[in-house]
Every structure is written in C-alpha cells, then in structure tokens.
**Q** 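One structure follows; several queries about it will come next.
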Amino acid sequence: MFVIGGPASEPLASKVANELGIVAGKLEVRRFPDGERYLRVLSDVRDQNVSIIQSIHHTPDELLFEYLLLADTMKDLGARKVIAFIPYFAYARQDERFQPGEALSFKTVSKVIQSVGTDEIYTIDMHQHRVIKSSEVFRIPFHNLSAMPLLANHIQKLGKLQNPLVIGPDAEAEKWAKLAAERLHTDYDVFEKTRLGDAKVEVRPRRSNASGRDVLIVDDIISTGGTIVEAVNVLHGQGAKRIQVACTHPILAPGALEKIKRTGVEDVIGTDTVPSPISVVTVAPLIAEQVRKSSD
Ligand code: R5P
C-alpha cells in the first residue's frame with residue numbers, strides 16, 4: 001500500500017495514510033524561475049500499487065498538470081499500478097456542448113488523465129449527470145463515491161435538528177438528498193432550480209412543505225452560494241425552523257459564506273475535498289477504505 005498526496009492534497013493524504021497506519025510518500029515540488037513546474041518523487045515506488053490523491057479544484061489547470069506529472073513519473077519509476085483519487089474533479093460540469101463550438105472539457109480532461117498511465121479513478125460526488133456518461137469517456141475502472149453519509153453523520157453528531165426534512169436545491173441533488181435522508185432515517189425532497197446567470201438562480205418548491213420542520217439542505221458544490229441562499233429563502237417563506245447546510249465540495253467563491261450566513265442558517269459544513277474554513281468533515285476514511293480494497 002503506497003499513498004501519496006499531490007501538492008493540492010497533502011494534508012488529506014496524510015490523514016488517509018494515518019487511517020491505514022502507514023506514512024504517506026514524499027515529494028519535492030517547486031517552480032523553476034521561468035514558472036515551469038519541477039517535481040521529484042522522494043520515495044521508492046517500484047512494484048507498488050500507488051494511490052495518488054490530488055483534488056483538482058481552484059487553479060484547476062495547474063493542479064491537473066501536477067497530477068499528470070506525478071502519475072507519469074510514478075509509472076516511469078516502475079509503479080505497478082497508479083490509482084487516482086481526485087476528490088474534486090474540475091471540468092466535470094462541462095460535459096455537454098451547451099453552445100455550438102464549445103470544448104467538451106470533461107472529455108478532454110478524462111482523456112489526458114488516462115493517457116499518463118492511470119489505471120483506475122476514484123472521485124467523490126462528481127457533478128456529472130448530463131449527456132456524457134463517465135463510461136463513455138473512461139476505458140479504465142471509474143468510481144464515483146459519495147461523502148453524503150459522512151456529512152449526515154456529522155449533522156447527527158451536532159444534534160441540533162429534530163427529524164429534519166432533507167432538501168436538495170435542484171433535481172440533480174436528488175441522489176445526495178436521498179443518501180443523507182437514508183442515513184438520518186427521515187424524508188427528503190428536491191426543489192426546482194433555473195439558472196439565470198453565473199451567480200443568479202431561481203428556486204421553486206416541489207411537493208414538500210417545510211412549515212414547522214427543521215431542514216438540512218444538501219448539495220455537491222457551494223460556489224457563489226446563490227443556490228443555497230435561494231433555497232433558504234424558500235424554506236423561510238414556508239415557515240421552516242432550524243436550517244443547516246452541508247455540501248461535499250466547499251468551493252466558496254469570495255463572499256459566498258458570508259452571504260449564506262446572513263440568511264440566519266445554523267451551520268454550513270463541507271468536507272476537505274476542497275480545503276476551506278468549513279471543511280470540518282474529512283473524506284479520509286472513505287478514501288482509505290478504497291485504498292485498502294484495491295491493495296487486497
Ligand atoms: C449545480 O447544479 C450544483 O449542484 C450546485 O448547486 C451549484 O454548483 C452551486 O453553485 P452556486 O453556489 O454558485 O449557486
């Protein structure tokens with residue numbers, strides 16, 4: 001079992017290694033004066049199954065390139081297998097040509113990740129539900145894990161909500177709302193969302209009424225916070241009581257967290273797929289479990 005964190009995910013890789021009772025591999029990464037990346041693997045990886053953890057979130061082009069250098073180097077140094085753990089998989093949202101001539105970024109990124117000898121890919125709550133199916137772009141095993149049960153466990157531990165209604169703010173969030181509701185042994189529903197611009201959305205309720213109920217809102221990503229703020233406004237309009245918010249990937253554009261907190265929600269939590277001030281839940285156990293299985 002060999003685990004190493006790329007520059008974006010070293011703390012997460014250390015936590016995963018800790019869960020497994022091993023020490024994470026070491027890297028030297030710096031820049032040449034002209035801005036090019038220098039990377040050196042400081043561990044012996046010959047004949048090892050190497051699990052690389054590198055989230056591709058803010059500055060995605062840079063972090064993707066670091067992953068490519070790292071994976072290719074591992075294979076070159078004699079690694080038997082390279083398993084990519086990409087907790088946040090940037091570009092997954094551009095999985096469709098919305099306007100003629102647009103790049104199908106998800107397809108391109110998937111191609112290059114495979115081209116450097118990646119043997120298997122794991123990601124977490126990937127935002128990819130439209131035209132391109134992951135099986136259409138990956139020739140290698142691909143797994144989309146979910147952090148929702150871990151987030152729901154944390155919400156339960158906080159113990160502030162009584163029999164909460166779980167709400168996904170749009171139709172795509174249904175699978176996450178369902179997972180969280182199952183863990184909390186409660187009911188769920190989703191809203192209908194129309195995107196009016198990069199930071200502007202409109203949210204309408206569907207079946208459920210949150211009147212007099214505590215509510216947990218769950219989503220994969222919080223970026224500008226617009227979706228969550230609109231969902232909270234609808235819930236307040238219905239007469240909801242306490243509201244908590246949980247997301248897997250706290251991308252958090254500047255001002256997003258403040259905007260959400262101003263609505264009066266009790267807590268906003270996220271995971272460490274993307275390091276942030278609200279990354280209070282670690283996905284390390286989820287990743288460690290898969291590393292363990294893949295090395296059996
Ligand atoms: C989109 O459908 C995603 O699931 C999230 O709802 C979205 O990315 C959140 O973005 P924002 O925080 O900018 O509203």
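Remember, it's 1-based here, ligands and their atoms both numbered in the order they're listed. Numbering of residues begins at 1 and proceeds along the displayed sequence.
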**Q** Strictly under 4.0 Å, does any heavy atom of Ala173 approach an atom of ligand 1?
**A**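 No.
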**Q** Looking at residues at least two apart in the chain, or sitting in another chain, which of them share a side-chain hydrogen bond (donor to acceptor under 3.5 Å, both in side chains) with Lys15?
**A**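 Testing Lys15 for side-chain hydrogen bond (donor to acceptor under 3.5 Å, both in side chains), a comparison that skips the adjacent residues, returns Asp272.
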**Q** Just checking Phe32 against Tyr38, ring centres under 6.0 Å apart?
**A**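 Here the rings of Tyr38 and Phe32 have centres that are less than 6.0 Å from each other.
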**Q** To check you understand the geometry: which heavy-atom pair defines the closest contact between Ala210 and Val215, and what is its length?
**A**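 In this case the closest contact between Ala210 and Val215 is CB-CG2, 3.9 Å.
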**Q** Indicate yes or no: does an N/O atom of Glu172 lie under 3.5 Å from an N/O atom of ligand 1?
**A**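 Yes; the residue has a nitrogen or oxygen that sits under 3.5 Å from a nitrogen or oxygen of the ligand.
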**Q** Strictly by modelled atom types, are Thr123 and Asn144 linked by a side-chain donor-acceptor pair under 3.5 Å?
**A**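 Side-chain D/A pair, Thr123 to Asn144: absent.
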**Q** Any heavy atom of Glu230 sitting closer than 4.0 Å to ligand 1?
**A**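 No, Glu230 has no heavy atom closer than 4.0 Å to ligand 1.
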**Q** Might you point out which heavy atoms bring Pro141 and Asp119 nearest each other, and give the distance in Å?
**A**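 Heavy atoms only, the tightest pair is CD-O, 3.4 Å.
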**Q** Consider every N or O of Ile222 and every N or O of ligand 1, then say whether any pair is closer than 3.5 Å.
**A**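 Between Ile222 and ligand 1, no N or O pair is found under 3.5 Å apart.
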**Q** Could you check whether atom CZ of Arg204 has more than 12 heavy atoms from other residues, nucleotides or ligands sitting under 6.0 Å from it?
**A**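 More than 12 heavy atoms, drawn from other residues, nucleotides or ligands, come within 6.0 Å of this atom.
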**Q** In ligand 1, which numbered atoms sit nearer than 4.0 Å to a non-hydrogen atom of Arg93?
**A**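 Reading through ligand 1 atom by atom, the close ones are 8 (O).
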**Q** Heavy-atom contacts with Ile221 under 4.0 Å: which atoms of ligand 1 show up? List them by number with element.
**A**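 Numbered from 1, ligand 1 contributes 5 (C), 7 (C), 8 (O), 9 (C).
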**Q** Check ligand 1 against Asp220 and write out every atom of the ligand that is under 4.0 Å from a heavy-atom position of the residue.
**A**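 Going through ligand 1 atom by atom, the ones under 4.0 Å from Asp220 are 3 (C), 4 (O), 5 (C).
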**Q** Which bit of Asp170 is near ligand 1, meaning a heavy atom under 4.0 Å away: side chain, backbone, both or neither?
**A**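 Near ligand 1, Asp170 shows its side chain, while the N, CA, C and O stay back.
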**Q** Asp219: heavy atom below 4.0 Å from ligand 1, yes or no?
**A**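 Right, Asp219 reaches ligand 1.
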**Q** Report, in ascending order of atom number, the atoms of ligand 1 lying under 4.0 Å from any heavy atom of Thr227.
**A**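 Counting from 1, the qualifying ligand atoms are 6 (O), 9 (C), 10 (O), 11 (P), 14 (O).
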**Q** What pairs with Asp44 under side-chain hydrogen bond (donor to acceptor under 3.5 Å, both in side chains), at least two apart in sequence or on another chain?
**A**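 Testing Asp44 for side-chain hydrogen bond (donor to acceptor under 3.5 Å, both in side chains), a comparison that skips the adjacent residues, returns none.
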**Q** Please identify which of these residues, Leu39, Thr73, Leu42, meets the side chain to side chain contact (heavy atoms under 4.5 Å, CB included) condition with Leu27.
**A**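 Per the side chain to side chain contact (heavy atoms under 4.5 Å, CB included) rule, the option paired with Leu27 is Leu39, out of Leu39, Thr73, Leu42.
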**Q** Go through ligand 1 atom by atom and flag the ones less than 4.0 Å from a non-hydrogen atom of Gly226.
**A**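 Within the 4.0 Å cut-off of Gly226, ligand 1 contributes 12 (O), 14 (O).
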